[in-house]
Structures are given as structure tokens and as C-alpha cells.
Amino acid sequence: GGTPACDVLSVHYLGNFKRNAEMPMRWKGLLRKYGKEEKFVNSEDMHWCSYGRTHGEKAGAASMVRSHVRDAATGVIRTFSFCGFMDLSDCYSFFTVRDEPRPYFPAYRAMTHRLEYGDYVGSLSGAEYEAYVFDRKGTPVTVIWRDAPGEVKLDFGAKRIAVADMMDV
């Protein structure tokens with residue numbers, strides 16, 4: 001009898017704000033050590049907020065999307081944000097105190113809309129860019145970015161492809 005313990009691990013501050021971050025790998029190793037499936041629930045680490053303070057809100061919005069996508073690629077089954085929809089002057093909110101959306105909101109909305117019902121398939125990342133593939137009910141969705149200006153060329157083998165910017169609302 002009894003119920004399974006630690007079937008899903010809830011982590012606050014997973015630290016997925018850069019590629020191959022050490023902290024998520026340590027959590028995965030801990031779960032593996034105890035013979036558990038590598039399932040996380042992440043309570044948003046908010047690195048994007050402090051990044052937005054120092055680099056501008058649009059850069060913070062991009063950082064938020066990247067963190068969420070890396071979470072999904074790491075095995076996180078759900079990422080929660082807190083204070084995102086409160087009227088705060090603080091950068092944690094997606095809105096100003098006058099209910100004006102900051103860049104975080106359209107980026108979050110576009111990301112969740114594009115990846116809704118998506119299952120992580122794999123990485124196509126290269127040395128100078130990150131690219132993650134998701135299966136959204138039979139439709140492949142690839143999220144791609146690079147930190148430095150330049151092109152990323154990937155052969156998708158498709159005659160038709162739709163491209164959407166993270167701010168496509």
C-alpha cells in the first residue's frame with residue numbers, strides 16, 4: 001500500500017537561464033539516483049526579471065521565453081510564474097500599475113500559444129544557437145534563437161514552413 005513518494009519534484013529556482021545550466025542537471029541526477037522518472041515542476045526562477053532590469057524589458061521577455069523552453073527541454077512538465085498578472089510597478093508583473101502590458105506579456109502569450117499541448121522531441125542546437133523541437137498534436141514546432149546577430153540555417157525538409165516571432169500577437 002501507500003502512495004508513491006517523489007513521483008514529481010517541485011523545484012523553486014531551477015536556474016535554467018543558460019544552456020546546459022548545472023543546477024537542473026544536478027536535480028536530474030538526484031532523481032536518477034533514487035530511481036525516479038525525471039519529472040520536474042518548476043516554480044519560475046524569475047531570472048528574466050532581473051535580466052530585464054539590466055538589459056531592458058524586451059531582452060527580459062526573450063530571456064523568459066528561453067528559460068521556459070529550456071525548462072521543457074530539460075524535462076520540466078509545468079513551469080509556474082508568480083506575480084505575472086498582478087498590477088505591480090515591480091518588474092515581476094507582465095503589466096504596469098496602469099494595466100499596460102509590458103513586453104513580457106505578449107512574449108509569454110505567444111510562447112504558450114505556440115507550444116500549447118507540445119511535447120518535447122529533441123534538440124537541433126548548434127554551437128552558436130539553440131533550437132528545440134516540440135510535437136504539437138502532430139505539428140512540429142521548432143523554437144530557435146542565437147545570442148549574436150546572424151543567421152541560423154536548418155533543413156526542415158518541408159515545402160512550407162511558418163515563421164513566427166515571439167512577439168507575434
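Excluded from the calculations below are hydrogen atoms, water molecules and symmetry mates; all remaining heavy atoms, backbone and side chain alike, are included. For this chain, numbers begin at 1 and follow the sequence in order.
The ring-ring contact (aromatic ring centres under 6.0 Å, His included) test applied to Phe134 returns Tyr120, not counting sequence neighbours. Residues satisfying the salt bridge (Lys or Arg N to Asp or Glu O under 4.0 Å) test with Lys153, not counting sequence neighbours, are Glu151. Every salt bridge (Lys or Arg N to Asp or Glu O under 4.0 Å) that Asp147 has, sequence neighbours left out, goes to Arg66. Taking Pro140 as the reference, nothing meets the side-chain contact (heavy atoms from CB on, under 4.5 Å) condition, with sequence neighbours excluded. By the side-chain hydrogen bond (donor to acceptor under 3.5 Å, both in side chains) test, Arg136 is found to be paired with no residue, residues two or more places apart in sequence or in another chain being considered. With sequence neighbours excluded, the residues forming a side-chain contact (heavy atoms from CB on, under 4.5 Å) with Val152 are Tyr129, Ile144, Arg146, Leu154, listed by chain and number. Residues satisfying the side-chain hydrogen bond (donor to acceptor under 3.5 Å, both in side chains) criterion with Ser123, sequence neighbours excluded, are Ser125.
The two residues Glu57 and Pro103 have their closest heavy-atom pair at OE1-CD, 3.3 Å. In plain terms, the two heavy atoms of Thr142 and Ala131 that are nearest each other are CG2-CB, 4.4 Å.
The side-chain heavy atoms of Val143 and Val133, taken from C-beta on, include no pair separated by under 4.5 Å.
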Go through Val69 and Leu115 one step at a time and tell me if the side chain to side chain contact (heavy atoms under 4.5 Å, CB included) criterion holds. CA-CA 9 Å; Val69 169; Leu115 295 178; 4.0 Å; yes

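If you take CD on Glu130 and CH2 on Trp145, they are separated by 4.5 Å, rounding to the nearest 0.5 Å. Between the CG atom of Leu124 and the OH atom of Tyr132 there is a distance of 10.5 Å, given to the nearest 0.5 Å. Taking CE of Met25 as the start and CZ of Arg32 as the end, the distance is 8.5 Å to the nearest 0.5 Å.
The environment of CD in Glu100 is crowded: more than 12 heavy-atom neighbours from other residues, nucleotides or ligands sit within 6.0 Å.
Distance alone, capped at 3.5 Å, is enough to place a donor-acceptor pair between the Thr112 side chain and the Tyr108 backbone.
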